Amino acid sequence: QVHLVESGGGLVQPGGSLRLSCAASGRTFSRYGMGWFRQAPGKEREFVAAIDWSGGITLSSDSVKGRFTISRDNAKNTVFLQLNNLKPEDTAVYYCAWSPSAWGGVRSASYNYWGQGTQVTVSS
């Protein structure tokens with residue numbers, strides 16, 4: 001069983017920054033890919049970013065590319081999402097997800113454990 005706990009969300013003005021963290025426990029973190037997804041009110045959950053087991057391969061959605069950065073610290077069993085130049089349309093609940101393989105990719109079905117989510121609100 002894997003347990004994921006996100007933190008770092010909050011209210012921020014447009015153009016601001018946040019750093020989300022997701023602490024994992026329960027299995028050997030360094031063997032598995034991780035991802036971040038988000039869900040805005042009334043919308044489906046969407047892919048934000050993914051990272052492979054080593055941190056050497058990352059992928060971001062077009063909507064956040066150049067603004068958000070995914071990274072991981074395998075020594076601390078933690079994956080991060082740095083959010084810069086935030087926009088009101090980034091407002092959503094952000095979820096981290098654990099893949100049963102070394103790379104999870106963009107599909108939510110490729111992940112089998114999810115955190116409880118952390119709210120990010122971008123508003124002036």
Side-chain angles (χ1 to χ4, degrees):
Q1 186 74 15
V2 171
H3 189 52
L4 303 173
V5 179
E6 301 101 332
S7 61
L11 173 64
V12 63
Q13 293 185 343
S17 298
L18 286 173
R19 190 191 197 202
L20 307 184
S21 299
C22 173
S25 61
R27 286 188 185 174
T28 305
F29 177 76
S30 60
R31 296 179 181 175
Y32 301 99
M34 297 292 294
W36 285 96
F37 291 75
R38 68 185 181 185
Q39 187 166 19
K43 295 188 176 181
E44 293 186 354
R45 187 171 297 187
E46 67 170 349
F47 168 77
V48 175
I51 189 166
D52 80 327
W53 67 277
S54 69
I57 300 173
T58 62
L59 179 68
S60 300
S61 67
D62 288 343
S63 62
V64 307
K65 196 167 294 182
R67 299 188 299 121
F68 293 6
T69 303
I70 188 171
S71 62
R72 66 190 296 160
D73 185 339
N74 285 344
K76 295 182 178 180
N77 291 356
T78 303
V79 62
F80 304 97
L81 187 67
Q82 179 68 40
L83 292 66
N84 295 330
N85 190 20
L86 281 158
K87 304 176 181 181
E89 52 263 41
D90 295 318
T91 295
V93 177
Y94 284 71
Y95 299 90
C96 71
W98 174 293
S99 168
S101 64
W103 170 252
V106 304
R107 297 175 62 246
S108 60
S110 298
Y111 297 84
N112 58 348
Y113 292 103
W114 295 79
Q116 82 288 350
T118 185
Q119 176 71 47
V120 172
T121 302
V122 185
S123 175
S124 56

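Since the model is a prediction, treat every value here as computed from it, not as a measurement. Just the heavy atoms: all of them, side chains too, but no hydrogens, waters or symmetry mates, feed the values below.
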Checklist entry - Distance under 6.0 Å and angle within 45° of the ring axis: does R27 meet both against Y113? => result no
Checklist entry - Side chains of S30 and T28: donor-acceptor distance under 3.5 Å anywhere? => result no
Checklist entry - In Å and rounded to the nearest 0.5 Å, what is the CZ to CD distance from R38 to Q119? => result 12.0 Å
Checklist entry - Going by heavy atoms in the side chains, are L11 and S123 under 4.5 Å from each other? => result yes
Checklist outcome for this item: Residues V122 and T91: closest non-hydrogen pair is N-OG1, 2.9 Å
Next on the checklist: Show, in sequence, the C-alpha distance, side-chain angles and deciding distance for W98 and Y32, and conclude whether the ring-ring contact (aromatic ring centres under 6.0 Å, His included) test is met.
Outcome noted: CA-CA 7 Å; W98 174 293; Y32 301 99; 5.1 Å; yes
Checklist entry - Given side chains that start at C-beta, do those of E6 and Y94 come closer than 4.5 Å, heavy atoms only? => result no
Item to check | Taking every non-hydrogen atom, the tightest pair across S99 and G104 | outcome: OG-CA, 3.5 Å
Checklist entry - For the atom pair CD (Q116) and SG (C96), what is the distance rounded to the nearest 0.5 Å? => result 7.5 Å
Next on the checklist: I need the minimum non-hydrogen distance between A50 and Y111, along with the two atoms involved.
Outcome noted: CB-OH, 3.6 Å
Next on the checklist: I'd like to know if W36 and V93 are part of one continuous hydrophobic network [Ile/Leu/Val/Met/Phe/Trp/Tyr, side-chain heavy atoms within less than 4.5 Å].
Outcome noted: no
Next on the checklist: For residues L20 and I51: do they belong to one hydrophobic cluster (side chain heavy atoms under 4.5 Å, members Ile, Leu, Val, Met, Phe, Trp, Tyr)?
Outcome noted: yes
Next on the checklist: Testing the basics here: between Q82 and N84, what is the closest heavy-atom pair and its distance to 0.1 Å?
Outcome noted: NE2-OD1, 2.9 Å
Item to check | Residue pair D62, K65: steps toward the salt bridge (charged side-chain N to carboxylate O under 4.0 Å, His left out) verdict | outcome: CA-CA 5 Å; D62 288 343; K65 196 167 294 182; 3.3 Å; yes
Checklist entry - So, for S124 and P14, which heavy atoms are closest and what is the spacing to 0.1 Å? => result N-CD, 3.7 Å
Checklist entry - Which value, rounded to the nearest 0.5 Å, describes the distance between L81 atom CG and S71 atom OG? => result 8.5 Å
Item to check | Heavy-atom check, side chain of F68 versus side chain of L18, under 4.5 Å | outcome: no
Checklist entry - Hey, quick one: are W103 and F47 part of the same hydrophobic cluster, counting side-chain heavy atoms closer than 4.5 Å, chains of contacts allowed? => result yes
Checklist entry - Roughly how far, to the nearest 0.5 Å, is the CH2 atom of W53 from the CZ atom of R72? => result 9.0 Å
Checklist entry - Any chance CD of E44 has more than 12 other-residue heavy atoms, nucleotides or ligands included, within less than 6.0 Å? => result no
Item to check | Considering all heavy atoms, the nearest L4-A24 contact | outcome: CD2-CB, 3.5 Å
Next on the checklist: Test of understanding: clusters of I, L, V, M, F, W, Y form through side-chain heavy atoms closer than 4.5 Å, transitively. Do I70 and L83 belong to the same one?
Outcome noted: yes
Checklist entry - Going hydrophobic residue to hydrophobic residue with side-chain gaps under 4.5 angstrom, can you get from V48 over to F80? => result no
Next on the checklist: Working to the nearest 0.5 angstrom, can you tell me the gap between M34 CE and D52 CG?
Outcome noted: 12.5 Å
